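Presented below is the structure to which this report refers.
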Amino acid sequence: MLASALVTPELPSLRPPFALRARVLTPLAAGGTYHEPDGLLLVDAAGRLTFVGAAGDRPAEAATALDLRPWVVLPGLIDLHAHLPQLPNAGLGAGLDVLTWLDRYIFPLERGFDEAAAERLAPIAWRAFAAAGTTTAVVHGAVYEASLDAAFQAAAAHGIRAVIGKVMMDRLTYDPTIEPATILERSLRESSDLIARWHGRDGGRLRYAVTPRFAVSCTAEMLRESAALADSTGAYWQTHLSEDRGEIAEVARLFPDALDYVDVYERAGGLGVRTILAHAVHLSDRELGRLVATGSHVAHCPVSNLFLASGVMPLARYLEAGLSVGLGSDVAGGPELSIFTAMRVGFYAQNAMRVAGLASGPALGPFDWLRLGTLGGAQALGIDDLVGSLEPGKEADLIAVDPAFVASVPGSIDDDPEDLMSRLMFRAHPDMVRAAWVRGRALEGPGARG
Ligand code: GUN
Ligand code: ZN
């Protein structure tokens, strides 16, 4: 048998407060990584971690622990950038440039993402995120307001932590109902209404991101008004930036007065600490400096960047400059939801940079990639006081992974934590995440395939 234990019968009925005994691996907010081969996690009635440590140090009052060993408990992964309506086309259109791919594979799909389609697909998508180990997902929806309500409703019921936004486009759009004279006002009103209904719901588990698609799809006025809306409501602002050369050239053509792509967003008032920019593959030093100076965040989507032949992000240069970076799947630009896969492909892409003489210095190691996919994402969202690592006081957003799925020889176990993390990213298996929790509440999805 591949897995060491396929089902733990008590798992589905576990409710906070509870105690888990497991191998524990997590980055720490103060730096470094914590590993405990025989660990204990205590989750209180509110779904918060009250103890993370060695089972031998268990507090006297601790409840009886459910023993998950040899499973490993990690912080839930954070996907900083994906597209909910695009899941059905994941894996299609490899090698196309992004503008052609949008035209052929994505706009026709999103055009059909009405309320009924969202009601059908969103529950499936949230379960799929959780099955991949993602407990926080930041997603673009489609342009239709009612489909966003359906997506939020499904997230509310599922339990995942989610940041969602209605896509805004007042040019280069698929929206058949578009009325050039009223599209801006209507898109702002619908976004504003969605913010009123959903931003901050369930104690902040659900949040809103004002979502102008990218500079090719939005006029300067739409970019400006959308940024003002995010500012005045405290919502996030998310968009795409500098993904491929053809797109960058088109932005230069549409915004001839701007210094560069970043300047288009800066002039709109879009940069800042609640801003998440997907891709940012081809930044000049000036652009990089502006993102760092404004505290803006980047969702690094290496799988998508290679699938669509967009380019390779010079990650080491960006991190050296102090840029805030998390990881994104960019489904369907990336074919898979797994952030473990994003770590693996990101590593390979960085190695390719080094081989080509385009990057130097030490390579990021497995713990660095784990940090990017957890705390890095939490910092980008400004919720690292709540999630991103397993530390007392934080909310219990956790995943349990069965390392038997990644063993190269059946029955072998990596005692060394860095070896373990290396296997989890380089030999990630679609069924290895056996359970996921947000605030100590189990999510549907993991374990569904046996
Ligand atoms: N740029 C604008 N829209 C999109 C999208 O849906 N996916 C990707 N990868 N890039 C985009
Ligand atoms: Zn995207």
Side-chain angles (χ1 to χ4, degrees), residues 25-34 74-82 129 132-139 161-163 207 209 236 238 241 272-281 283 288 291-292 294-305 312-330 334 337-350 359 361-391 394-395 397-399 418 421-422 424-425 428 438:
L25 182 64
T26 178
L28 296 171
T33 304
Y34 176 75
L74 304 155
L77 303 175
I78 298 184
D79 186 341
L80 264 194
H81 181 75
F129 275 109
T134 293
T135 53
T136 298
V138 182
V139 304
R161 198 181 289 276
V163 179
R207 298 180 189 216
Y236 296 102
Q238 64 173 348
L241 168 70
V273 294
R274 285 197 310 276
T275 292
I276 296 153
L277 303 159
H279 303 300
V281 174
L283 299 182
L288 177 58
L291 296 189
V292 173
T294 55
S296 307
H297 311 278
V298 162
H300 176 33
C301 307
V303 188
S304 168
N305 297 157
V312 178
M313 174 199 266
L315 178 62
R317 181 179 137 232
Y318 290 4
L319 293 176
E320 178 80 6
L323 185 66
S324 162
V325 179
L327 298 179
S329 68
D330 190 32
L337 288 174
S338 172
I339 292 299
F340 286 112
T341 296
M343 297 175 191
R344 176 174 72 248
V345 174
F347 182 95
Y348 290 151
Q350 292 309 308
L364 296 186
F367 288 162
D368 299 316
W369 286 97
L370 174 63
R371 179 172 286 267
L372 285 175
T374 54
L375 259 184
Q379 284 161 349
L381 292 169
I383 55 172
D384 49 310
D385 56 332
L386 298 177
V387 298
S389 59
L390 306 179
E391 299 183 78
K394 289 200 175 186
E395 303 198 343
D397 287 21
L398 329 165
I399 56 174
E418 198 164 10
M421 189 56 220
S422 186
L424 293 180
M425 64 184 274
V438 166

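The structure presented is a predicted model; accordingly, all values stated were derived computationally and were not measured.
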Problem - Qualifying residues under side-chain hydrogen bond (donor to acceptor under 3.5 Å, both in side chains), relative to Arg317, sequence neighbours excluded - result: Asp285
Less than 4.5 Å apart, any side-chain heavy atom of [X] and any of [Y]?
{"X": "Tyr318", "Y": "Val298", "answer": "no"}
{"X": "Leu424", "Y": "Leu370", "answer": "no"}
{"X": "Ile78", "Y": "Leu381", "answer": "yes"}
{"X": "Leu390", "Y": "Tyr34", "answer": "no"}
{"X": "Leu386", "Y": "Asp397", "answer": "no"}
{"X": "Thr275", "Y": "Thr294", "answer": "no"}
{"X": "Leu319", "Y": "His300", "answer": "no"}
{"X": "Leu364", "Y": "Gln350", "answer": "no"}

Out of curiosity, [X] [atom1] to [Y] [atom2], how far, rounded to the nearest 0.5 Å?
{"X": "His297", "Y": "Leu291", "atom1": "NE2", "atom2": "CG", "value": "10.5 Å"}
{"X": "Glu391", "Y": "Leu375", "atom1": "CD", "atom2": "CG", "value": "7.0 Å"}
{"X": "Phe367", "Y": "Met425", "atom1": "CZ", "atom2": "CE", "value": "11.5 Å"}
{"X": "Ile339", "Y": "Asp79", "atom1": "CD1", "atom2": "CG", "value": "4.0 Å"}
{"X": "Glu395", "Y": "Thr135", "atom1": "CD", "atom2": "OG1", "value": "11.0 Å"}

Problem - His81 and His279 aromatic ring geometry - parallel, tilted or perpendicular at 30°/60° bounds - result: perpendicular
Might you point out which heavy atoms bring [X] and [Y] nearest each other, and give the distance in Å?
{"X": "Ala342", "Y": "Trp369", "result": "O-CZ3, 4.4 Å"}
{"X": "Leu327", "Y": "Met343", "result": "CD1-CG, 3.8 Å"}
{"X": "Ser304", "Y": "Ser329", "result": "CB-O, 4.4 Å"}
{"X": "Arg344", "Y": "Ala428", "result": "NH1-CB, 3.9 Å"}
{"X": "Leu80", "Y": "Ala299", "result": "CB-CB, 3.7 Å"}

Exercise for the section: With sequence neighbours left out, write down each residue that passes ring-ring contact (aromatic ring centres under 6.0 Å, His included) with Tyr348, or none if nothing qualifies. Expected result: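 For Tyr348, the residues satisfying ring-ring contact (aromatic ring centres under 6.0 Å, His included) (neighbours in sequence not counted) are Phe426.
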Problem - Pairs meeting criterion salt bridge (charged side-chain N to carboxylate O under 4.0 Å, His left out) with involvement of residues 361-378, two or more places apart - result: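 For residues 361-378: none.
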[X] side chain to [Y] backbone, donor-acceptor under 3.5 Å:
{"X": "Ser296", "Y": "Gly272", "answer": "yes"}
{"X": "Gln379", "Y": "Gly326", "answer": "no"}
{"X": "Ser338", "Y": "Thr341", "answer": "yes"}

Handout entry: Trace of the side chain to side chain contact (heavy atoms under 4.5 Å, CB included) decision for Leu28 with Ser389
Key = CA-CA 6 Å; Leu28 296 171; Ser389 59; 5.8 Å; no
Exercise for the section: Take Val303 and Asp330, measure what side chain to side chain contact (heavy atoms under 4.5 Å, CB included) needs, and give me the verdict at the end. Expected result: CA-CA 8 Å; Val303 188; Asp330 190 32; over 6 Å; no
Exercise for the section: Begin with the C-alpha distance, continue with both residues' side-chain angles, and end with the deciding distance and a verdict on side chain to side chain contact (heavy atoms under 4.5 Å, CB included) for Thr374 and Leu77. Expected result: CA-CA 5 Å; Thr374 54; Leu77 303 175; 3.8 Å; yes
Problem - Working for side chain to side chain contact (heavy atoms under 4.5 Å, CB included), residues Thr134 and Leu337 - result: CA-CA 8 Å; Thr134 293; Leu337 288 174; 5.9 Å; no
